[in-house]
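Encoded as structure tokens, the structure appears first; notes follow it.
Below, chains carry the letters A, B, ... as their sequence lines are ordered, and counting in each starts from 1.
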Number of protein chains: 2
Amino acid sequence: MPGPGLPPADELTELTLSLFRVNNLMLAWGDRMVAPLGLTSARWQALGAIVAAERPQPVAWLARDLGANRQNVQRIVNDLEGEGLVSFAPNPHHKRAQLVMLTPKGREAYDAAIARYRPRAEALAAGFSADELATARQVLQALRLRLEADAD
Amino acid sequence: MPGPGLPPADELTELTLSLFRVNNLMLAWGDRMVAPLGLTSARWQALGAIVAAERPQPVAWLARDLGANRQNVQRIVNDLEGEGLVSFAPNPHHKRAQLVMLTPKGREAYDAAIARYRPRAEALAAGFSADELATARQVLQALRLRLEADAD
DNA sequence: TCCATATTGACATGATCATGTCAAATAAGC
DNA sequence: GCTTATTTGACATGATCATGTCAATATGGA
């Protein structure tokens with residue numbers, strides 16, 4: 001029996017401090033993992049947002065999905081376009097807001113990143129019970145909703 | 001009964017994506033909270049590291065405690081020193097590595113930040129059970145240990 | 001003591017991010 | 001239709017971060 005533990009507010013403080021550290025460590029972990037593919041964590045995330053969308057979307061929509069700045073996503077997508085990983089298609093509904101699409105080369109890079117990621121993610125998740133991971137995810141998702149509402 | 005849920009690796013993926021979002025939201029939340037005090041999340045964290053250390057430490061030690069870059073912490077601490085929130089004291093063991101100490105003004109700023117933080121943290125933690133928060137914290141701390149070991 | 005190594009703060013540089021502005025294009029209200 | 005507000009990409013600027021280098025200092029081993 002671990003005892004009563006900390007008060008909720010202190011527990012949240014410790015959670016937050018760990019969150020900051022894990023965030024940085026995870027980004028560095030991802031960077032090392034996809035560096036051989038010419039990717040970074042940020043580029044990988046952008047590719048993921050493009051894949052996750054059923055239909056090609058303009059950059060501003062991808063930025064919203066990512067919770068990131070429009071301008072930064074624009075820069076990343078432009079870089080990816082310069083390297084042939086994504087291409088721009090005309091948008092019938094908007095002359096300036098082109099649609100971002102994966103090229104075959106971009107699809108290959110994304111699939112290669114996933115292939116490198118999966119076994120490492122399984123190793124990293126090993127040792128945790130399904131309940132523990134699910135609870136941690138649910139807490140973070142609930143925090144996200146509250147913070148987003150608070151930031152209105 | 002929520003059912004079997006996702007495979008552990010996918011659960012970790014969702015956890016990670018939520019983590020990135022919450023990290024950014026929490027930093028913005030903290031920035032808004034301590035802005036009236038002339039602080040930022042980064043400055044507040046630096047002050048916290050100074051307070052958390054029992055003895056005054058050089059900047060490089062604080063950076064290690066924070067898991068941050070030596071150079072960035074140095075810049076932040078220099079800024080804090082310029083505004084009179086911290087002061088440098090001679091280090092008997094090292095002529096160049098001065099010891100960072102809170103000034104009374106810095107202590108006031110830190111206490112004021114905590115005073116603003118506590119009720120908001122309690123409100124943010126409300127609705128979670130102690131077990132949920134503790135589990136989330138433990139998962140993140142375990143992830144941190146694994147990622148730090150992996151980054152060696 | 002002497003020398004190799006590690007630590008520390010200062011400095012420089014490029015990358016990334018946050019923010020604001022602008023013009024073009026679209027959407028909504030009257 | 002016409003006017004106004006919103007969206008979108010391009011651009012600029014400053015802040016922050018990541019990284020490397022350097023000289024001064026401290027530490028440990030021979």
Side-chain angles (χ1 to χ4, degrees), chain A residues 20-21 23-32 34-35 38-46 49 53 56-83 86-101 151, chain B residues 20-21 23-32 34-35 38-46 49 53 56-83 86-101 151:
Chain A
F20 291 154
R21 301 289 283 264
N23 180 77
N24 294 336
L25 288 165
M26 196 72 83
L27 287 175
W29 182 74
D31 281 338
R32 289 196 303 274
V34 297
L39 295 178
T40 64
S41 289
R43 290 183 172 198
W44 183 21
Q45 273 186 269
Q57 292 180 339
V59 167
W61 294 25
L62 295 174
R64 260 197 296 273
D65 292 345
L66 286 166
N69 283 67
R70 196 161 46 93
Q71 291 84 339
N72 292 330
V73 176
Q74 184 77 50
R75 180 182 51 78
I76 292 170
V77 169
N78 288 345
D79 291 347
L80 292 175
E81 195 268 343
E83 299 186 10
V86 305
S87 61
F88 295 119
N91 184 348
H93 300 307
H94 198 301
K95 283 189 179 176
R96 297 184 65 188
Q98 294 180 295
L99 300 176
V100 182
M101 299 186 348
Chain B
F20 291 155
R21 302 289 284 262
N23 180 77
N24 294 335
L25 288 165
M26 195 72 83
L27 288 175
W29 181 75
D31 282 338
R32 290 196 302 274
V34 298
L39 295 178
T40 63
S41 289
R43 289 183 171 197
W44 183 21
Q45 273 186 270
Q57 292 180 339
V59 167
W61 293 26
L62 295 173
R64 260 197 296 273
D65 291 346
L66 286 166
N69 283 66
R70 197 160 47 93
Q71 291 84 340
N72 292 330
V73 176
Q74 184 78 51
R75 180 182 51 77
I76 292 170
V77 169
N78 288 346
D79 291 347
L80 292 175
E81 197 267 344
E83 299 187 9
V86 306
S87 62
F88 295 119
N91 184 347
H93 299 308
H94 198 300
K95 282 188 180 177
R96 297 184 65 187
Q98 294 180 294
L99 300 176
V100 182
M101 298 185 350

* To do: Among C:dC17, C:dA18, D:dC17, find the nucleotide with the atom closest to the side chain of A:Asn69.
  => C:dA18
* When the nearest nucleotide of DNA chain C is assigned to A:Ala68 and to A:Pro92 on a heavy-atom basis, which residue is associated with the more 5' position? -> A:Ala68
* Side chains of A:Val100 and A:Phe88: closer than 4.5 Å at any heavy-atom pair? -> yes
* Taking atom P of C:dC17 as reference, at what distance in whole Å does atom CG of B:Asn24 sit? -> 10 Å
* Return the value, rounded to whole Å, for the distance between atom CG of A:Asn23 and atom P of D:dA18. => 10 Å
Check: residues 65-78 of chain A side-chain donor-acceptor pairs under 3.5 Å, at least two apart:
from	atom 1	to	atom 2	distance (Å)
A:Gln74	NE2	A:Asn78	OD1	3.2
A:Asn78	ND2	A:Gln74	O	3.3

* Asked: Where the side chain of B:Asp31 meets the backbone of B:Ser41, is there a donor-acceptor pair that is under 3.5 Å apart?
  -> yes
* For residues A:Gln98 and A:Glu81, determine if any side-chain heavy atom of one lies less than 4.5 Å from a side-chain heavy atom of the other. => no
* To do: With the side chain counted from C-beta on, respond yes when A:Pro90 and A:Leu99 share a heavy-atom pair under 4.5 Å apart, and no when they do not.
  => no
* To do: Mind calculating the distance between CG (B:Asn91) and P (C:dT7) to the nearest angstrom?
  => 15 Å
* Once you round it to whole Å, what is the distance between P of C:dG9 and NE2 of B:His93? -> 15 Å
* Asked: If you take all heavy atoms of B:Asn91 and B:Pro58, which pair is closest and at what distance?
  -> ND2-CG, 4.1 Å
* Does any non-hydrogen side-chain atom of B:Arg43 lie less than 4.5 Å from one of B:Glu83? -> yes
* Under 4.0 angstrom between B:Arg64 side-chain N/O and C:dT8 OP1 or OP2 -> yes
At a cut-off of 3.5 Å, list every protein nitrogen or oxygen paired with a nitrogen or oxygen from nucleotides 9-11 of chain D, distance to 0.1 Å.
from	atom 1	to	atom 2	distance (Å)
D:dG9	OP1	A:Val59	N	3.2
D:dG9	OP2	A:Ala60	N	2.9
D:dG9	N7	A:Arg70	NH1	2.2
D:dA10	OP2	A:Gln74	NE2	2.9

* Asked: If you check the B:Lys95 side chain, which of D:dT25, D:dC17, C:dT26 turns out closest?
  -> D:dT25
* To do: Please state how far atom CG in A:Asp31 lies from atom P in D:dC17, giving the value in whole angstrom units.
  => 16 Å
* Structure fact -> From CZ of A:Arg32 across to C1' of D:dA18 the rounded distance in Å is 14 Å
* Measure from CG on A:Leu99 to P on C:dT26 and round the result to the nearest Å. => 13 Å
* What is the distance, rounded to the nearest whole Å, between atom CD of B:Gln57 and atom P of C:dT7? -> 15 Å
* Any side-chain N or O of B:Asn72 under 4.0 Å from OP1/OP2 of D:dT16? -> no
